[in-house]
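Heavy atoms only: backbone and side chains are in, while hydrogens, waters and symmetry mates are out. Worth saying up front: this structure is predicted, and the values here are computed from it rather than measured. Proteins get letters first, then strands, A, B, ... in listed order; numbering begins at 1 in each.
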2 protein chains.
Amino acid sequence: MQIMEWLREPEKNFPPHKTIKHFNDGVCATYIQEKAELSQSTISTYLSNMEKCGLLIMTRHGKWSYFKRNEAVITDFAKYLL
Amino acid sequence: MQIMEWLREPEKNFPPHKTIKHFNDGVCATYIQEKAELSQSTISTYLSNMEKCGLLIMTRHGKWSYFKRNEAVITDFAKYLL
DNA sequence: TGCAAATATCTAAAATTATCGATATGAGTG
DNA sequence: CACTCATATCGATAATTTTAGATATTTGCA
């Protein structure tokens with residue numbers, strides 16, 4: 001939940017990436033891990049699971065994995081609750 | 001989640017109560033328990049927790065506890081996810 | 001008042017989840 | 001192609017959740 005909130009406003013919650021300046025594909029895993037203060041393996045598993053279940057969209061840029069919210073899926077889920 | 005879905009349409013998912021004919025206050029705990037096929041204590045705990053956290057509204061009618069969805073809270077939660 | 005029905009609470013076990021350290025894999029770079 | 005950084009996977013353990021049986025409480029009714 002916390003990660004999903006952070007990713008709603010990447011610019012406000014994360015520093016700009018050293019090589020990729022925009023947030024078009026979201027935030028790289030390392031920054032999320034640092035902010036979450038959980039181990040690398042834990043965050044990697046989280047992000048991977050969240051991507052598998054459709055909540056996040058992952059994009060590889062070289063050695064970095066970027067994650068952003070999958071708004072379409074989130075909207076559908078929110079509607080389903082009603 | 002399943003219970004929340006059932007309670008979206010009480011008339012379609014539960015029999016009418018023997019003494020109280022309408023579904024204004026939702027469904028009595030026993031019917032939910034029977035449909036869920038879980039023990040009485042389990043369902044009682046579920047419903048109580050769901051009520052405590054605001055998802056359900058409980059109404060006592062004599063010896064029966066009725067439960068219905070708290071649509072306001074559900075709507076707020078759905079919005080929060082977006 | 002005493003019994004029965006409906007629900008609530010307590011305690012404990014089995015199952016699942018959260019989390020990490022160690023290790024493996026993938027990718028860029030001199 | 002060796003080295004390093006970023007991420008992924010594996011295996012294990014601690015913590016939490018799920019669930020039930022036993023028991024307690026509440027309420028209506030004979």
Nearest whole angstrom, please: distance from the [atom2] of [N] to the [atom1] of [X].
X	N	atom1	atom2	result
B:N49	C:dT7	CG	P	16 Å
A:M50	C:dT17	CE	C1'	15 Å
B:H17	C:dT7	NE2	C1'	12 Å
B:Q33	C:dA5	CD	P	15 Å
B:D25	C:dT7	CG	P	14 Å
A:L38	D:dA14	CG	C1'	15 Å

> Hey, quick one: are B:W64 and B:V27 part of the same hydrophobic cluster, counting side-chain heavy atoms closer than 4.5 Å, chains of contacts allowed?
Replying inline: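 In one cluster: no.
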Nearest-nucleotide 5' precedence on DNA chain C, A:H61 against A:E37: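 Its nearest nucleotide lies further toward 5', so the answer is A:E37.
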Under 6.0 Å from the ring centre and within 45 degrees of the ring axis: does the NZ or CZ of B:R8 meet both conditions for the six-membered ring of B:F14?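 No.
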Could you check whether B:K68 makes a cation-pi contact with B:F23, meaning its NZ or CZ is under 6.0 Å from the centre of the six-membered ring and within 45° of the ring axis?
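Checked: cation-pi criterion not met.
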query: Just by distance, do the side chain of B:R69 and the backbone of B:M4 share a donor-acceptor pair under 3.5 Å?
result: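 Yes, the answer is positive, given that a donor and an acceptor are paired below the 3.5 Å cut-off.
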message: Applying side chain to side chain contact (heavy atoms under 4.5 Å, CB included), can you list everything that pairs with A:I20, at least two apart in sequence or on another chain?
response: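 Checked A:I20 against side chain to side chain contact (heavy atoms under 4.5 Å, CB included); matches are A:H17, A:H22, A:H61, A:Y66.
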Under a 4.0 Å heavy-atom criterion, the protein footprint on nucleotides 3-10 of chain D, written with B, S and -, is --BSBBB-
(request) Answer yes if the side chains of A:T42 and A:S39 hold a donor-acceptor pair under 3.5 Å, and no otherwise. (result)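 Yes, side-chain donor-acceptor contact under 3.5 Å.
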